[in-house]
Amino acid sequence: TSLLTAGIRTKPSGEELRLWCNSFLDLVTDRLGAQIFRDFLRTEFSAENLDFWLRVRALDSVAAYDDFIAAAIAIFDEFIPTGAPQELNITSQMRKDLVASFAPFKGQSSNVDKSGKRLRLNPRVFSVAQDHIYHLMAKDSFQRFLASEVLGVYLVREGIQVVDETGAPVGPVGSKFKKFGM
């Protein structure tokens with residue numbers, strides 16, 4: 001079971017839809033909202049952005065250092081190297097910095113180097129890439145999500161009328177929504 005699908009409902013309420021449409025952070029921090037947004041991102045071939053952001057966010061709840069290292073290495077291997085299974089579109093400098101941060105851990109069977117010294121990894125190692133991905137999703141993907149059929153189906157089902165900045169009604173596809181009628 002993924003981080004997104006563990007024990008969640010399948011249909012959002014009208015109130016949830018209104019909240020998500022007005023706040024990207026509320027959308028991606030709600031399990032059902034994140035799943036619906038991920039469904040949209042799949043249509044754009046960019047679901048890896050949300051997957052990465054959520055997995056890095058989950059690192060904050062990992063208490064044991066060795067567990068943190070194992071989870072961070074798994075995230076690195078999944079998203080960062082060129083040719084990774086879910087390779088992120090990040091700057092070459094971000095990728096280079098992350099590769100350098102994880103280099104001491106490659107080829108190690110433990111978190112101790114050859115001299116017996118414990119290897120350390122900054123708990124915020126992914127923060128620059130995570131912030132980059134968040135802003136990319138918020139400024140680009142979220143705006144397209146608001147105008148998507150993926151979201152539109154739920155809005156229509158709940159009878160939520162979407163209006164533009166002038167108060168004129170608009171359809172669920174093809175417009176950037178500014179506020180949502182009650």
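Heavy atoms only: backbone and side chains are in, while hydrogens, waters and symmetry mates are out.
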Notebook entry, point to check: CG/Leu50 to CG/Leu27 distance, rounded to the nearest 0.5 angstrom?
Noted result: 8.0 Å

Note to self: So which atom in Tyr65 and which in Leu119 form the shortest heavy-atom distance, rounded to 0.1 Å?
What the structure shows: OH-O, 3.2 Å

Note to self: Is it the case that the side chain of Ser101 and the backbone of Asp97 share a donor-acceptor pair, with hydrogens and angles ignored and the cut-off at 3.5 Å?
What the structure shows: yes

Check: For Asp66, does the CG atom sit with more than 12 other heavy atoms under 6.0 Å from it, leaving out its own atoms?
Finding: yes

Check: Looking only at heavy atoms, which two atoms of Thr29 and Leu25 are closest? And how far apart?
Finding: OG1-O, 2.7 Å

Checklist line | Spacing of OG belonging to Ser141 relative to CD1 belonging to Ile133, to within rounding of 0.5 Å | finding: 9.0 Å

Note to self: To the nearest 0.5 Å, what is the distance between CD on Gln35 and CG on Leu54?
What the structure shows: 10.0 Å

Checklist line | Flag side-chain contact, heavy atom, 4.5 Å: Phe79 against Ile90 | finding: no

Note to self: Using the salt bridge (charged side-chain N to carboxylate O under 4.0 Å, His left out) criterion, which residues pair with Asp77? Sequence neighbours excluded.
What the structure shows: Lys106

Note to self: I'd like to know if the side chain of Asn22 reaches the main chain of Arg18, judged simply by a donor and an acceptor atom lying under 3.5 Å from each other, with no hydrogens or angles considered.
What the structure shows: yes

Item checked: Shortest non-hydrogen separation from Trp20 to Asp26 and the atoms involved -> CD1-O, 3.8 Å

Next item on the list: Could you go through the side chain to side chain contact (heavy atoms under 4.5 Å, CB included) check for Glu44 and Phe145 one step at a time?
Entry: CA-CA 10 Å; Glu44 295 203 329; Phe145 172 72; over 6 Å; no

Next item on the list: With rounding to the nearest 0.5 Å, note down the distance linking CZ in Arg144 to CZ in Phe40.
Entry: 5.5 Å

Next item on the list: Could you give me the CA-CA distance, side-chain angles and deciding distance for Val125 and Phe76, then say whether side chain to side chain contact (heavy atoms under 4.5 Å, CB included) is met?
Entry: CA-CA 10 Å; Val125 67; Phe76 175 86; over 6 Å; no

Check: Does His132 reach the main-chain N or O of Val128 with its side chain, forming a donor-acceptor pair under 3.5 Å?
Finding: no

Notebook entry, point to check: Does Arg57 count as lying over the ring of Phe126, i.e. NZ or CZ under 6.0 Å from the six-ring centre, within 45 degrees of the axis?
Noted result: no

Next item on the list: Decide, yes or no, whether a salt bridge links Glu16 with Lys11 under the criterion of side-chain N to carboxylate O below 4.0 Å.
Entry: no

Note to self: So which atom in Arg42 and which in Arg38 form the shortest heavy-atom distance, rounded to 0.1 Å?
What the structure shows: NH2-NH1, 2.6 Å

Check: Are the side chain of Glu87 and the backbone N or O of Gly83 linked by a donor-acceptor pair below 3.5 Å?
Finding: yes

Checklist line | From CA spacing to verdict: side chain to side chain contact (heavy atoms under 4.5 Å, CB included), Glu78, Asp51 | finding: CA-CA 10 Å; Glu78 182 74 17; Asp51 294 345; over 6 Å; no

Item checked: Side-chain donor/acceptor of Ser46 to backbone N/O of Asn49, under 3.5 Å -> no

Next item on the list: Using a cut-off of 6.0 Å, state whether more than 12 heavy atoms not belonging to Arg124 lie near its atom CZ.
Entry: no

Item checked: Close side-chain approach of Leu146 to Cys21, heavy-atom, < 4.5 Å -> yes

Check: How many angstroms lie between atom CZ of Arg95 and atom CG of Leu88, to the nearest 0.5 angstrom?
Finding: 7.0 Å

Next item on the list: Please name the pair of heavy atoms, one in Phe105 and one in Arg120, separated by the smallest distance, quoted to 0.1 Å.
Entry: CZ-O, 3.7 Å

Margin query: As an exercise, state the distance from CG of Asn89 to CZ of Phe52, rounded to the nearest 0.5 Å.
Written below: 12.5 Å

Next item on the list: Tell me, with the steps shown, if Tyr134 and Phe24 meet ring pair (Phe, Tyr, Trp, His ring centres under 6.0 Å).
Entry: CA-CA 9 Å; Tyr134 179 86; Phe24 178 68; 5.1 Å; yes

Next item on the list: Begin with the C-alpha distance, continue with both residues' side-chain angles, and end with the deciding distance and a verdict on side chain to side chain contact (heavy atoms under 4.5 Å, CB included) for Phe37 and Leu151.
Entry: CA-CA 8 Å; Phe37 184 58; Leu151 178 62; over 6 Å; no

Notebook entry, point to check: For Pro12 and Arg157, which heavy atoms make the closest approach, and how far apart are they?
Noted result: O-NH2, 3.0 Å

